[in-house]
Amino acid sequence: MRVTFSLFHALAVLNWLLATESLIYFSLAVLQALEDGLKRADADPSVKAVTICGENGKFSAGADIRGFSSPNKQGLGLGPIVSLIERSEKPVVAAIEGIALGGGLEVTLGCHYRIAHVQARMGLPEVTIGLLPGAEGTQRLPRLIGVPAALDIITTGRHISASEALKLGLVDEVVEENTVEAAIRLANRLIGQPLGHRRLSLKPVPKLPNMEAFLTEALVKVKKRAQGCLAPELCFQAIKAATEQPFADGVRKERELFNILLTSGQAKALQYAFFAERAVEKWTTPSGASWKTASPQPIRKAAVIGLGTMGRGIVTSLVKAKIPVVALEQDLEYLNTGRKAVMLLLEREAMKMEQGGQTLDFNNPARLQFAVDFDVLRDVDLVIEAVFENMALKKEIFNKLSRICKPEAFLCTNTSALNIDEIASVTSRPQQVIGTHFFSPAHVMRLLEIIYGRHTSPTTIATAMQLAKVMKKVGVVVGNCFGFVGNRMMFPYVQQAVFLLEEGSRPEDVDQVLEDFGFKIGPFRMSDLAGLDVGWRSRKDQGLTGPTLAPGTSARQRHGYRYSPLPDLLCEKGRFGQKTGKGWYQYEKAGGRTAKPDPWIHSFLSEYRDTHQIKTRFIDQEEILERCLFTLINEGFDILAEGIASGPEHLDVVYINGYGWPKHRGGPMFYASTVGLPNILAKLQKYSEIHPDVPQLRPSAFLKKLVAMGNPPLNDWMSYLHRQSNKL
Ligand SMILES: CCCCCCCC/C=C\C=C\CC(=O)SCCNC(=O)CCNC(=O)[C@H](O)C(C)(C)COP(=O)(O)OP(=O)(O)OC[C@H]1O[C@@H](n2cnc3c(N)ncnc32)[C@H](O)[C@@H]1OP(=O)(O)O
């Protein structure tokens, strides 16, 4: 006799991965199929138990995220279905394989038992797309695994492994063999047994001796981590409701909070960011090269040249990605210092990984080798040069690499601004030369700006993108120009911040406004952290300051435009930031990290204004925000118009992952679309009239064109690039 009614076919259509038509249609259809299947199972006396599983080894990634911004909102009907599962008089067992995320995991919480495959991953990632688990998940999970664990999983959205799920009590059993068969076996054993104690909605939330104090402390932590993002705090409120109210009231609260989030704007921004990150994987270049036709080459062994801060992080990332790596330095002294630093980083990473049940093997010379001799690079497939930003030095190294490395090896340069074509020009293989701009600390930061030169081949781009993926980074393909995308957009932002100091602001005023907006760190704290000397060196190289500056050059003008010598003056006084204990702020000691407003800077700025006859004025928060952000966005429009990036998502992904832009604001270009391009244009025009000597405030022609074309939605911007506008 067949005792188990498997909803296999009903659930197969749930899985978005399998969907071939409209995903929204599929989600609603799946909910309906699930409900119908359960009702049929309930009504059929020959069915004694039910198992719920996915198809093709995947349980469910939850709802189709695109559906949340459609007028016909999906997902809101899942809660009653989860309740229906739970109320079933016949035992229901979930067989979790692959992934069970979001609505998928909430379905399993309605089941009476859960069995997971050893490689399954579970989670409630709704918070990462600006929502909360709105199918009663915030009420059932704390009842199942307790408040501390539920708070962690729901407010971070992290994925957990099957073994962690077992430890937490989220699943009842972990199997290595066929999960569905194991679930059917369990379902058979459960027939006729009482189920009341397995219905989570009937269980109390496990008590903590100090629940109130625990929740107060937890809220502080959640808020601190959220940095202005609403969803984590509302997730917290929903869980708190579970600790205070009966199940049905908690569910009502959950629904109320879900609706606030759904209409908040932050959810839209975070969901845009989710798809933007995936969209940039599908790279194209103006010459027609594309991810569709280019194939990456395998990287079996890599090398890193230079073990400074960047090189150390890059080596660590490669080891973590299980790519055998040779680390090269110019002499034994530098090598030994670099080796110690790399080993320390790897030990720390290994410890972190151990906590998640993973291991990191780095003491094996076949995995990591240190050398001073370029000859060891003969057999590597890819080299990442990470010496300091000096064109002559980079050219010398690339010329050497071109002679030593095997002909098919790829040569990457870690640079934040230098010309890739010039570096490639000294090699005999410019088609295999590419820029890979890592962000510090390179083993932590997710962004990898990938810069193609005039001769870079599609295969080289595809290989660099594949490398980013293996290193668990987000690769963004961009064209070659000074500062590429990230730093090029950053220059006018920082420039405005400094101009604001000249006119009357203090560093802490400017930082506060931008941190309140959601940046992890304001421009002056950032400059102190990175070191003011870095920019000073670059400005000296460009002849903007220092001994090569033509005598008689006006202090506050370069090439006829406004220039602020303030950062140069600070450097001349040895104020390089945190490393010297003084910069735009003061620190407890050299290398200190706690920035304190510095009265010296305040009087220095006031003397500076007197010297240059600048009248100090009060600058409000709105002006600070607009001048800094709108010039950054304005540069973004120029970048798009020049074809340096193939769409606004690229700029947004760069800013979210490399520059601390608040993700819940969707990136600078998405933010611009929410402010409205006509508003941005009007403000730029206003500030440009007041400051005609600042070209960065002059509105970009592309921005003007988009406004003239009626402010189209962000997705359509690029289609207007070459269209004629008769309104301009
Ligand atoms: C069993 C019952 C289930 C009932 C559910 C349906 C009813 C709805 C009811 C309730 C609603 C509940 C709330 C939610 O569920 S919110 C969604 C929660 N889920 C997520 O946030 C998962 C997001 N996705 C991921 O984390 C990853 O994509 C992952 C699933 C881990 C796979 O990663 P990976 O293998 O690296 O693949 P990609 O990320 O590149 O994705 C491949 C393509 O799939 C698209 N994708 C992924 N997830 C979704 C999604 N939830 N909705 C829509 N599209 C999704 C992704 O954009 C890629 O697309 P493309 O190739 O076009 O770029």
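Atoms within a ligand are numbered from 1 in the order they appear, just like the ligands themselves.
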Basic-acidic side-chain contact under 4.0 Å: Glu244, Lys253: no

Lys322/Asp361 ion pair, N-O < 4.0 Å: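 No, Lys322 and Asp361 are not salt-bridged.
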
Would you mind listing which atoms of ligand 1 come within a distance below 4.0 Å of any non-hydrogen atom of [X]?
X: Asp64; result: 52 (N), 53 (C)
X: Ile99; result: 30 (C)
X: Phe275; result: 54 (N), 57 (O)
X: Ile129; result: 16 (S)
X: Leu31; result: 7 (C)
X: Phe68; result: 13 (C), 16 (S)

Winner among Lys282, Lys58, Arg278 once heavy atoms are compared against atom 58 (C) of ligand 1: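 Considering heavy atoms of Lys282, Lys58, Arg278, the nearest to atom 58 (C) of ligand 1 sits in Arg278.
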
Closest to atom 5 (C) of ligand 1 (judged by heavy-atom distance), picking from Gly62, Gly54, Gly67, Gly77: Gly62

Reported CZ-to-CG distance for the pair Arg140 and Leu200, which is rounded to 0.5 angstrom: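 Arg140 atom CZ to Leu200 atom CG measures 6.5 Å (nearest 0.5 Å).
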
Spacing of NZ belonging to Lys58 relative to CZ belonging to Arg121, to within rounding of 0.5 Å: 10.5 Å

Glu176 CD: over 12 foreign heavy atoms closer than 6.0 Å: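 Open: at most 12 neighbouring heavy atoms sit under 6.0 Å from CD of Glu176.
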
More than 12 heavy atoms of other groups within 6.0 Å of Arg143 CZ: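 Correct, the count exceeds 12.
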
Close N or O approach ([X], ligand 1; < 3.5 Å):
X: Ala61; result: yes
X: Gly103; result: yes
X: Gly104; result: no

Backbone of His664 reached by a side-chain donor or acceptor of Gln266 within 3.5 Å: no

Proximity flag Ala135 to ligand 1, non-hydrogen atoms under 4.0 Å: no

Test item, Glu126 contacting ligand 1 (heavy atom, 4.0 angstrom):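 Yes, that is the case, since the closest heavy atom of the residue is under 4.0 Å from the ligand.
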
Modelled atom types, side-chain donor and acceptor of Ser83 and Glu136, under 3.5 Å: yes

Criterion side-chain hydrogen bond (donor to acceptor under 3.5 Å, both in side chains) against Asp36, the qualifying member of Gln32, Arg40, Lys39: Gln32

Under-4.0 Å heavy-atom contact with ligand 1, by part of Ile65 that carries it: both

